[in-house]
Amino acid sequence: MTVRTYDLILFGATGFAGRLTAEYLARHAPADCNWALAGRSLGKLEQVRSALSEIDPALADLPLLTADATDPASLRAIAESTKVVITTVGPYIHYGEPLVEACAEAGTDYVDLTGEPEFVDSMYLRHHARAIQTGARLIHSCGFDSIPHDLGAYFTVQQLPQDVALTVSGYVQASAAFSGGTFHSAITAFSRMRGSIALARQRRAVEQAEEPAQQRRAKVVVGKPHHDSASGGWAVPLPTIDPQIVVRSARALPRYGPDFHYSHFASIPHLWTVAVGVAGMGTLFGLAQIPPARAALLRRIKPGDGPSEAKRARSWFTVTFIGEGGGAKVITRVSGGDPGYDETAKMLAESALSLAFDELPATAGQVTTAAAMGDALIERLQKAGLTFEVIAS
């Protein structure tokens with residue numbers, strides 16, 4: 001990589017998640033980290049910088065860069081001037097690709113918060129090969145989607161025997177509120193489900209054609225609803241992007257063994273809550289297919305809105321993993337505070353700092369957090385307050 005002006009640039013710093021990420025960096029970025037804020041409005045960036053200077057007066061001179069998701073030239077300028085780009089600008093399917101392309105072309109590392117499978121798969125198909133050529137590491141889903149699940153499964157596998165078939169199940173519990181940006185991304189994803197499924201098939205066909213013949217296998221297994229004693233709740237299959245990312249890590253890393261299966265569940269305390277949740281999601285999914293209803297839903301909550309600090313302080317998450325293989329069984333847990341925002345800002349920022357400063361495995365192209373950062377990122381997150389622990393073995 002050529003010499004760059006910055007270690008990292010945060011794009012989307014004026015949005016809800018972007019501000020929280022900027023505040024985390026203001027408190028925790030090393031003193032020798034050269035970083036900058038980027039966004040459409042210089043005036044709004046100045047407001048964010050002013051707030052950051054109250055955390056650290058030295059940030060009164062933090063560089064501000066104007067860039068727009070619809071202006072590829074401005075994004076190229078950002079990508080060419082830094083080692084790592086952080087972006088919180090979504091829905092990514094609408095606004096994300098020009099920055100991914102700029103980073104792939106410039107050989108610049110990239111991290112985002114997307115939980116949109118369609119976006120991740122399309123970026124793989126369009127920019128993975130070029131990123132391999134330039135050495136760029138394109139790492140999606142560096143927040144609650146999907147770091148606790150991806151690194152949690154990685155942590156679990158490390159507690160089990162090597163070179164044997166492994167089965168891991170993850171059980172997610174959380175109490176939290178969502179922001180306008182998250183709501184818009186979810187409704188958009190619901191409305192594009194057919195295209196997303198088609199892209200997933202296309203991606204897998206490309207991966208299978210490009211992968212050398214090998215004996216190792218890894219796949220997602222959609223489990224059945226059941227009561228789980230380890231997490232203490234009713235387990236319902238959770239169709240998020242997380243299991244796909246866990247399995248991509250398993251395909252990339254031999255430590256997951258010759259045959260790896262992963263299942264992903266929401267763990268819910270009461271059966272009636274399951275019924276209400278399924279009905280609510282079904283209603284939202286149905287409304288998202290109708291353009292006028294979808295537009296009405298999106299008008300109700302604006303991007304940039306989010307839960308208050310007091311609400312976030314009461315929020316929490318745990319992901320409990322049950323791993324088995326080679327005659328051994330282990331139960332592990334990843335836990336933390338507010339999953340959607342406070343902890344997500346932490347995960348995103350620490351991912352970028354790890355790429356910028358840690359000695360990491362040689363990877364390039366679209367890669368996962370486990371494959372690209374693994375142990376180094378777990379260590380960072382533990383120091384930052386997230387818990388990775390073995391419950392039973």
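Here the structure is a predicted model, which means the values were calculated and not measured.
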Determine, step by step, whether Ser351 and Arg380 satisfy the side chain to side chain donor-acceptor pair (under 3.5 Å) criterion, reporting the C-alpha distance in whole Å, the side-chain angles of both residues, the deciding distance to 0.1 Å, and the verdict. CA-CA 9 Å; Ser351 296; Arg380 280 182 168 274; over 6 Å; no

Stepwise, does the salt bridge (charged side-chain N to carboxylate O under 4.0 Å, His left out) test hold for Glu101 with Arg126? CA-CA 8 Å; Glu101 182 177 13; Arg126 296 171 189 170; over 6 Å; no

Heavy atoms of Asp56 and Ala26 approach each other most closely as CB-O, 4.2 Å

CZ (Arg216) and CG (Asp163) are apart, to the nearest 0.5 Å, by 10.0 Å

So Ile378 and Tyr154, do their side chains get closer than 4.5 Å, heavy atoms only? yes

Quick one: sort the Phe260 and Tyr256 rings into parallel, tilted or perpendicular, breaks at 30° and 60°. perpendicular

Side-chain donor-acceptor pair under 3.5 Å between Thr369 and Asp150, yes or no? yes

Identify the residue among Tyr124, Tyr92, Phe119 that makes a ring pair (Phe, Tyr, Trp, His ring centres under 6.0 Å) with His140. Phe119

Apply side-chain contact (heavy atoms from CB on, under 4.5 Å) to residues Tyr24 and Leu348 and explain how you reach the verdict. CA-CA 10 Å; Tyr24 184 87; Leu348 182 64; over 6 Å; no

Would you give the length of the straight line joining atom CD1 of Ile9 to atom CD1 of Ile86, rounded to the nearest 0.5 angstrom? 10.0 Å

Within the distance-only criterion (no hydrogens, no angle test), does the side chain of Asp7 pair as donor or acceptor with the backbone N or O of Asn34 below 3.5 angstrom? yes

Measuring from atom CG of Leu253 to atom CZ of Arg255, what distance do you get when rounded to the nearest 0.5 angstrom? 10.5 Å

So do Phe357 and Pro30 actually touch side chain to side chain, heavy atoms under 4.5 Å? yes

Student check: side-chain heavy atoms of Val168 and His261 closer than 4.5 Å: no

For a quick check under 3.5 Å, do Ser81 and Thr5 share a side-chain donor-acceptor pair by atom type? no

State yes or no: do Leu113 and Trp35 share one hydrophobic cluster built from I, L, V, M, F, W and Y residues joined by side-chain heavy-atom distances below 4.5 Å, directly or via other members? yes

Which atom names give the shortest non-hydrogen contact between Asp242 and Ser146, and what distance separates them? OD1-OG, 2.5 Å

Candidate pair Arg204 and Arg201, rule side-chain contact (heavy atoms from CB on, under 4.5 Å), full reasoning: CA-CA 5 Å; Arg204 192 63 194 133; Arg201 290 172 178 164; 5.9 Å; no

Same hydrophobic cluster for Leu59 and Leu353, using side-chain heavy-atom links shorter than 4.5 Å among ILVMFWY? yes

Side-chain heavy atoms of Pro237 within contact of Pro225, under 4.5 Å: yes

Spell out, yes or no, whether Phe155 and Ile391 are grouped together once hydrophobic residues are joined by side-chain heavy atoms under 4.5 Å, including indirect joins. no

Residue among His128, Arg203, Arg137, Arg248 satisfying side-chain hydrogen bond (donor to acceptor under 3.5 Å, both in side chains) with Gln366: Arg203

Does the pair Ser249 and Thr368 meet the rule for a side chain to side chain donor-acceptor pair (under 3.5 Å), with working shown? CA-CA 6 Å; Ser249 294; Thr368 65; 2.6 Å; yes

Backbone N or O of Ala384 within a donor-acceptor pair of the Lys346 side chain at under 3.5 Å? yes

Any side-chain heavy-atom pair from Ser393 and Gln159 closer than 4.5 angstrom? no

Ignoring hydrogens and geometry, is there a side-chain-to-backbone donor-acceptor pair from Arg40 to Ala67 under 3.5 Å? no

Heavy-atom side-chain contact between Thr14 and Ser41 under 4.5 Å: no

Looking only at heavy atoms, what is the nearest atom pair of Val367 and Ala372, with distance? CG2-CB, 3.8 Å

Test side chain to side chain donor-acceptor pair (under 3.5 Å) on Asp358 and Ser354; report intermediate values, then the result. CA-CA 5 Å; Asp358 294 343; Ser354 182; 2.8 Å; yes

Would you say Thr114 and Asp112 are linked by a side-chain donor-acceptor pair, where the criterion is simply a distance under 3.5 Å? no

Thr88 (side chain) donor-acceptor with Gly12 (main chain) under 3.5 angstrom: yes

Let's go through Glu309 and Arg312 carefully: what are the C-alpha distance in whole Å and the side-chain angles of both, what is the deciding distance for salt bridge (charged side-chain N to carboxylate O under 4.0 Å, His left out) to 0.1 Å, and is it a yes or a no? CA-CA 5 Å; Glu309 184 176 357; Arg312 299 197 310 271; 5.1 Å; no

Looking at Thr66 and Leu42, would you say the former's side chain and the latter's main chain have a donor-acceptor pair under 3.5 Å? no

CD (Gln47) and CZ (Arg49) are apart, to the nearest 0.5 Å, by 11.5 Å

Could you walk me through whether Glu343 and Phe317 satisfy the side-chain contact (heavy atoms from CB on, under 4.5 Å) test, starting with their C-alpha distance in whole Å, then the side-chain angles of each, then the deciding distance to 0.1 Å, before giving a yes or no? CA-CA 10 Å; Glu343 300 292 41; Phe317 80 89; 4.2 Å; yes

For atom OH of Tyr95, decide whether the heavy atoms of other residues, nucleotides or ligands shown that lie under 6.0 angstrom number more than 12. no

Are His28 and Glu350 close enough that a side-chain donor and a side-chain acceptor fall under 3.5 Å? no

Pairwise side-chain contact, Leu381 with Leu151, heavy-atom cut-off 4.5 Å (strictly under): yes

Student check: side-chain heavy atoms of Leu75 and Phe11 closer than 4.5 Å: yes

Which one of Val319, Val172, Thr344 satisfies the side chain to side chain contact (heavy atoms under 4.5 Å, CB included) criterion with Pro148? Val319

Pair His226-Phe265, ring-ring contact (aromatic ring centres under 6.0 Å, His included): steps then yes or no: CA-CA 10 Å; His226 62 278; Phe265 301 92; 5.0 Å; yes

Side chain to side chain donor-acceptor pair (under 3.5 Å) evaluation trace for Gln158 with Asp375: CA-CA 10 Å; Gln158 290 179 311; Asp375 297 326; 3.1 Å; yes

Are Val100 and Leu125 in one and the same hydrophobic cluster, where Ile, Leu, Val, Met, Phe, Trp and Tyr link if side-chain heavy atoms are under 4.5 Å apart? no

Determine whether Val120 and Ile241 satisfy the following criterion, side-chain contact (heavy atoms from CB on, under 4.5 Å), listing intermediate values before the conclusion. CA-CA 9 Å; Val120 174; Ile241 195 173; 3.7 Å; yes

Using every non-hydrogen atom in the two residues, find where Ala266 and Leu238 come nearest and quote the distance to one decimal. N-CB, 3.7 Å

Under 6.0 Å from the CD atom of Gln382, do we count more than 12 heavy atoms belonging to anything else shown? yes

Look at the rings of Phe321 and Tyr262 and say which category their plane angle falls in: under 30° parallel, 30 to 60° tilted, over 60° perpendicular. tilted

Return the minimal non-hydrogen interatomic distance between Leu8 and Ala352, and the atom names on each side. CD2-CB, 4.3 Å

Are Val48 and Leu62 linked, directly or through intermediate hydrophobic residues, by side-chain heavy-atom contacts shorter than 4.5 Å (ILVMFWY only)? yes

What heavy-atom pair brings Val84 and Thr82 nearest, and what distance separates the two atoms? O-OG1, 3.1 Å

Any side-chain to backbone donor/acceptor pair from Thr21 onto Ala17? Under 3.5 Å, distance only. yes

